[in-house]
Amino acid sequence: MQHISCRRAPDSGNRGRARVLPDALLSRAGQRALGRGALPPKRASAVRRRLATRHNRGLGGLRPRRPWRLRGPPDRMGKKIKKEVEPPPKDVFDPLTIESKKAATVVLMLNSPEEEILAKACEAIYKFALKGEENKATLLELGAVEPLTKLLTHEDKIVRRNATMIFGILTSNNDVKKLLRELDVMNSVIAQLTPEEEVVIHEFASLCLANMSIEYTGKAQIFEHGGLEPLIRLLSSPDPDVKKNSIECIYNLVQDFQCRTTLQELNAIPPILELLKSEYPVIQLLALKTLGVITNNKKSQAMLRDSQGLDQLIKILETKELNDLHIEALSVVANCLEDLDSMVLIQQTGGLKKLLTFAESSTIPDIQKNAAKAIAKAACDSENRKLFHEQEVEKCLVSLLGSESDGTKIAASQAISAMCENMGSKDFFNTQGIPQLVYLLKSDNEEVREAAGLALANLTTCNPVNANATAEAEGIEPLINTLSSKRDGAVANAATVLTNLALQEPLRGAMQSHDLMQALIGPLGSTNTLVQSKAALAVAATACDVEARTELRNRGGLEPLVELLHSKNDEVRRHASQAVMVCANDELTAAELSRLGALDILEEINLSVSRKNKFSEAAYNKLLNNNLPLKYSQTGYLSSSNIISDGFYDYGRINPGTKLLPLKELCLQEPGDQRAVLLINNKAVDVSQPTEDKSSDISYGRSISSSSSLRRASKEKTRKGRGKKEEEKLKEEEEILAMPKLTGEGIPEKEWYPPPDPDFCTYVCEVTKSILPITNIKEQIEVLAKYVAEKMGGKIPKDKLPDFSWELHISELKFQLKSNVIPIGYIKKGIFYHRALLFKALADKIGIGCSVVRGEYGRAWNEVKLLDQSRKGVTGGLPAPDTYIVDLMFHPGGLMKLGSKEANLYQFL
């Protein structure tokens, strides 16, 4: 007989001794017996040591059962029962007893052709591997794994069983697992799970699979080789170790979506539910964890409901002795509550009320947290929210906000956020919950602040009462402080709440007193698109007041806002455009936005079909309304609300994307062949200062004064009796000399200003005195039209229009002024577009509402709206005004109804 012994390597973790087994891994009967002291101390210690030996093998601390009982005495592995010794045949080698203290020697014996030697070698290796991780690594280095894999399919049952037991132990080592994956032995291991095999083989084969299933590649191999079905079958095994290993492996496998789908097809939920009745906590816990993963699917939720699984889960929650399972049980219930039928069933059986009472009364933070998570998950469905509201879930959630656990506060806040979709729930929080959420905004935990902010954001959306309640709870200051949080979600939520509060005008003032605009500048410059979007929206909501816009401009907030217009995110770009639109209501802010390039960016956006939005177009138009020269050049239209101010100039039509040069640059250009630029300037000439204070070319006012004196001198000379032709010639020369030099040579940069227009100033004074006092608007329009026509060359018959030499007159002015820019008062021969612009400018000065429209081929016209007095009272109210075109050319003062034949002839050639 051979004798094989191996030197034991010390276990570094427990120094060769079996550690005491934790009570949690004993059966519940064992826990109760040990807990009550039913066993004598020595007996209890013996029980613990025996079970600990089992646990240290990696079997989860289940009942002590030696796997080799089926063959031979319990203290030896794979031994056969002794028989009477018969004399050996003469041709057989006498038995040789070998004693070895080297593991390498035993590893070499794995290649023996003799079954008994293989069985004993496996027994020695098994015992050696049990002693610790170092021994497993040693066996790997000695090359024991590869020959052992061949023994998994050995014809001898004992050899096969012992090899399987070794792999159950060895696969806890990562390097062994890696080698086994390369050797692809999964099929051989799964083959050991057939019903015909012994329970011991089932136990260690399932343990091997459980160890291998921890990593993704192992999962894939087990699934590909069909390991899921036999594992599900083993859940009904009479052996608890087999159950534990099988459910552990299944739990690891179902982390993959494909495995979860297959599990449903194999109807695995009933046998998993049966494990909840197990005596062993570890089995129950693994079963609940597995259910928690697979019940994320609607079909699995229905299967669990049909298998009466909900009743079992509620019973677990009701049983105090099973409090170690409550957290996982709640996770499964949370999934099931997403299913409306399951929700209704729980509600009808009284389980929902029990669940809420259980959550509110529990003193275990994790249980409260999971209960709140369950409510939050279920509340995503509108019908579930309705059922929750009927059960007054809001009271439970408000109570959970006061928990000492941050996790519970977060979960309760998230549940409130979900319940806000129900209007009844939202109204409930008018009086309760909001003060507690505001208090949570002051928490040191950023995640708590984020969750509280989300709840407040949902509560205050479209709900002025909750918005006011938030302000009354002194929530404005902590919300503004949260804008500087390091957590993007917290910042975005706080910005949303502030946006909702800003819809109430009295609250906007309160927010401004806390430096809201300064606080929003940081989020505007964030790299997170959600924060950018919410911050821009907050600016749009809060910049309704002049003070807010001024503060934003002065604090440098416009620059990051304009930068957001470049965003590739549609929502960020839309909200930034909305904010620019609101800010453009202020003239100074609009000018600053244009200086920062907002107008150019918006123009580029609006040229793109995919990037433009209604706010980008509105913002562009708002900025254009504060840059009327550009608007008229691009659109060819100024409405009655677009009041022409001093410094306005008509450059002519430009195409979208073309940059309009500033007036100063146009004034400094040499005259050319291009269309003359018409300037409107009513600024009076300041003649109060002495002439010597002004340099010769700096002041256009001085030049104009000289012009006026020269004109007076010309008139005086005329009175002295000069000849008519000589007088005209002299007058022309004097006027040329008196013209202001628009080239700007020698003008210091800081003192440049547009050339004045004394004639236009005179026009404004005259129409103010003569036309403004007229009370009838129609009469005002007619008189003004005749006045404009008179100043621009008078009435022109249609057939004489080609003979009206206005082009020569304009060319002479350009030459005289040495510039393409001509103040409109200098034009004495003007056609459609000259007269229309002058009419609009004068009408705006005396408050006559009119628009100006540019047509083709030098055409332009003014449109006015007048009530038809003959229709007054016909429909019982004031009729809509009609639009008329003002004739400034052929019959000055005439009004032509828009769309009429005569109006069309005036508008178009």
Side-chain angles (χ1 to χ4, degrees), residues 20-32 34-35 51-52 54-64 172 203 206-207 209-211 213-214 219 231-232 234-255 259-260 263 268-296 300 304 307 309-336 355 358-359 362 364-371 373-374 407:
V20 177
L21 187 70
D23 289 351
L25 297 181
L26 298 175
S27 70
R28 295 198 181 279
Q31 290 179 25
R32 288 194 295 271
L34 290 172
L51 294 179
R54 189 73 166 175
H55 176 74
N56 289 337
R57 280 209 313 262
L59 306 185
L62 301 180
R63 61 184 177 82
S172 65
E203 177 184 340
S206 60
L207 177 61
L209 293 178
N211 289 333
S213 65
I214 293 173
K219 288 187 186 75
L231 284 168
I232 292 172
L234 290 181
L235 294 178
S236 304
S237 170
D239 186 275
D241 289 299
V242 176
K243 290 179 180 178
K244 183 262 178 186
N245 296 335
S246 299
I247 190 63
E248 184 176 2
C249 186
I250 290 171
Y251 171 67
N252 291 335
L253 290 174
V254 295
Q255 306 302 318
C259 291
R260 291 199 294 273
L263 202 71
I269 287 182
I272 294 176
L273 284 172
E274 281 298 312
L275 297 182
L276 298 180
K277 302 173 184 176
S278 172
E279 251 191 294
Y280 301 95
V282 66
I283 294 177
Q284 293 173 308
L285 195 62
L286 284 167
L288 285 171
K289 283 186 173 183
T290 305
L291 289 173
V293 175
I294 62 178
T295 52
N296 279 308
S300 295
L304 185 137
S307 303
L310 292 172
D311 292 339
Q312 287 182 254
L313 293 169
I314 296 297
K315 285 178 182 176
I316 288 174
L317 293 175
E318 290 178 323
T319 307
K320 291 183 180 180
E321 289 78 8
L322 301 179
N323 59 3
D324 57 321
L325 302 179
H326 286 171
I327 294 172
E328 298 299 335
L330 272 172
S331 296
V332 184
V333 172
N335 293 339
C336 294
L355 177 65
F358 169 76
S362 176
I364 302 174
D366 282 347
I367 289 177
Q368 290 184 322
K369 178 181 72 175
N370 280 24
K373 282 185 175 180

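None of these values were measured; they are calculated from a predicted model.
- Between Lys219 and Ile214, the shortest heavy-atom distance links the atoms NZ-O, 3.3 Å.
- The CD atom of Gln368 sits 13.5 Å away from the NE2 atom of His326 when rounded to the nearest 0.5 Å.
- In this structure, Lys320 has no side-chain hydrogen bond (donor to acceptor under 3.5 Å, both in side chains) partners at least two apart in sequence or on a different chain.
- The side-chain hydrogen bond (donor to acceptor under 3.5 Å, both in side chains) test applied to Ser300 returns Gln264, not counting sequence neighbours.
- Distance alone, capped at 3.5 Å, is enough to place a donor-acceptor pair between the Ser237 side chain and the Asp239 backbone.
- In this structure, Thr295 and Val332 approach most closely via the heavy-atom pair OG1-CG1, 4.1 Å.
- Listed by chain and number, the residues in a side-chain contact (heavy atoms from CB on, under 4.5 Å) with Ala329 are Leu288, Leu313, Ile316, Leu317 (sequence neighbours excluded).
- For Asp366, the salt bridge (Lys or Arg N to Asp or Glu O under 4.0 Å) partners two or more places apart in sequence, or in a different chain, are Lys369.
- With Leu235 as reference, Leu275 is the one residue of Val242, Leu275, Ile283, Thr290 to meet the side chain to side chain contact (heavy atoms under 4.5 Å, CB included) rule.
- One distance of note links CD1 of Ile272 with CD1 of Ile247; it measures 4.5 Å at 0.5 Å rounding.
- Residues satisfying the salt bridge (Lys or Arg N to Asp or Glu O under 4.0 Å) criterion with Lys243, sequence neighbours excluded, are absent altogether.
- When all heavy atoms of Leu286 and Glu248 are compared, the closest pair comes out as CD1-CB, 3.9 Å.
- Arg260 approaches Ile294 most closely through the heavy-atom pair CD-CA, 4.1 Å.
- Annotation: side-chain hydrogen bond (donor to acceptor under 3.5 Å, both in side chains) contacts of Gln255 (sequence neighbours excluded): none.
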Glu328 and Gln284: CA distance, side-chain angles, deciding distance, side-chain contact (heavy atoms from CB on, under 4.5 Å) verdict: CA-CA 10 Å; Glu328 298 299 335; Gln284 293 173 308; over 6 Å; no

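- Residues satisfying the side-chain hydrogen bond (donor to acceptor under 3.5 Å, both in side chains) test with Ser331, not counting sequence neighbours, are Asn370.
- With Gln312 contributing its side chain and Leu276 its backbone, the two residues share no donor-acceptor pair below 3.5 Å.
- Taking Asn296 as the reference, Asn335, Lys377 meet the side-chain contact (heavy atoms from CB on, under 4.5 Å) condition, with sequence neighbours excluded.
- Nearest approach of Ala371 to Leu330, heavy atoms of both residues: N-CD1, 3.8 Å.
- With hydrogens and angles ignored, the 3.5 Å screen pairs no side-chain donor or acceptor of Thr319 with any backbone N or O of Glu321.
- The CG atom of Leu253 sits 9.0 Å away from atom CG of Leu263, with the distance rounded to the nearest 0.5 Å.
- Considering every non-hydrogen atom in both Asp324 and Pro281, the closest pair reads OD2-CB, 3.8 Å.
- In this structure, CG in Leu209 is found 5.0 Å from SG in Cys249, a value given to the nearest 0.5 Å.
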